[in-house]
Amino acid sequence: MKDTCDIYCVDESKVADIKAAIDDTIVQGTSRIFKVLADDTRLKVAYALTIQKELCVCDVAQVIGSSTATASHHLRALKKQGLAQFRKEGKLAYYRLDDEHVIQLIQTAVEHEKEGKADV
């Protein structure tokens, strides 16, 4: 069975509604979020921040098995994209995810993978 239409038939009303609803600027920004999370290590860092709400750069380095410089690089990428926030306490730098939307996005994706739906 082919996974394409056998004939070409467009529902102009549906297409017009969808085009009116889609904001290209929002799509581009959302795409950047997924791009930054597409890196296995950054996703691991973000996932760790759903388990522990806030982590020091040193803790993140241990979680991902890297240097603190590498951990900082990944954390800065998440911060630059608006997914994480940073605070300094004395000589320690702490990061946390930006808000509940980011946490839910990561938790939902992980849960989806655990259910085996991503392989289908």
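Quantities reported herein were computed from a predicted structural model and do not represent experimental measurements. Numbers for residues simply follow the sequence, beginning at 1.
- Residue S66 comes nearest to A71 through the heavy atom pair OG-N, 3.6 Å, listed as atom of the first residue, atom of the second, then distance.
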Pair D39-H74, side-chain contact (heavy atoms from CB on, under 4.5 Å): steps then yes or no:
CA-CA 9 Å; D39 178 271; H74 289 297; 3.7 Å; yes
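- When all heavy atoms are compared, the tightest approach of S72 to V57 is OG-CG1, 3.2 Å.
- With hydrogens and angles disregarded, a donor-acceptor distance shorter than 3.5 Å links the side chain of T108 to the backbone of Q104.
- Two residues are said to be in side-chain contact when any heavy atoms from C-beta on lie closer than 4.5 Å; R87 and R96 meet this criterion.
- By the rule that hydrophobic residues join a cluster once side-chain heavy atoms approach within less than 4.5 Å of another member, I18 and V10 end up as members of separate clusters.
- Side-chain contact between V60 and C56 is absent, with no heavy atoms from C-beta onward closer than 4.5 Å.
- A donor-acceptor contact shorter than 3.5 Å is absent between the side chain of D59 and the backbone of Q62.
- Using a 4.0 Å cut-off between charged side-chain N and carboxylate O, K14 and E12 make no salt bridge.
- Taking 4.5 Å as the limit, some side-chain heavy atom of V102 sits within range of a side-chain heavy atom of D99.
- Listed here is the closest heavy atom pair of Y47 and I106: CA-CG2, 3.9 Å.
- Annotation for Y95 and L49: closest pair O-CD2, 3.4 Å, computed over non-hydrogen atoms.
- With rounding to the nearest 0.5 Å, the separation of CZ in R32 from NZ in K80 is 10.0 Å.
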Start with the C-alpha gap between V45 and V63, add the side-chain angles, then the distance that decides, and say whether side-chain contact (heavy atoms from CB on, under 4.5 Å) holds.
CA-CA 8 Å; V45 169; V63 167; over 6 Å; no
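- Under the 4.5 Å side-chain heavy-atom criterion for grouping Ile, Leu, Val, Met, Phe, Trp and Tyr, V110 is connected to V36 within one hydrophobic cluster.
- If you chain together hydrophobic residues whose side chains sit under 4.5 Å apart, F86 and Y94 never meet in one group.
- For F34, the CZ atom counts as loosely surrounded, since its 6.0 Å shell holds 12 or fewer non-hydrogen atoms of other residues, nucleotides or ligands.
- Here the NE2-NZ distance, from H112 to K114, works out to 13.5 Å after rounding to the nearest 0.5 Å.
- Here the straight-line distance linking atom CD1 of I64 with atom CG of L43 works out to 12.0 Å at 0.5 Å rounding.
- For Q52, the CD atom counts as loosely surrounded, since its 6.0 Å shell holds 12 or fewer non-hydrogen atoms of other residues, nucleotides or ligands.
- Considering CD of Q85 and CG of L75, their distance stands at 13.0 Å, rounded to 0.5 Å.
- Note that NZ of K35 is 12.0 Å distant from CZ of R42, once rounded to the nearest 0.5 Å.
- Annotation for D98 and G82: closest pair CB-O, 3.4 Å, computed over non-hydrogen atoms.
- Atoms NE2 and OG1, on H73 and T41 in that order, are 9.5 Å from each other to the nearest 0.5 Å.
- No continuous path of hydrophobic side-chain contacts links I33 to I26 [ILVMFWY only; heavy atoms under 4.5 Å].
- Contact record, A46 with L37: CB-CD2, 4.0 Å, taken as the closest heavy-atom pair.
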Go through the steps for V15 and K19 under the test side-chain contact (heavy atoms from CB on, under 4.5 Å), then give the verdict.
CA-CA 6 Å; V15 171; K19 283 185 171 185; 4.0 Å; yes
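- Under a hydrophobic clustering in which Ile, Leu, Val, Met, Phe, Trp and Tyr are joined whenever their side-chain heavy atoms come within less than 4.5 Å, directly or via other members, V27 and L83 fall into different clusters.
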Show your reasoning for whether salt bridge (charged side-chain N to carboxylate O under 4.0 Å, His left out) applies to K44 and D40.
CA-CA 6 Å; K44 190 178 204 178; D40 289 352; over 6 Å; no
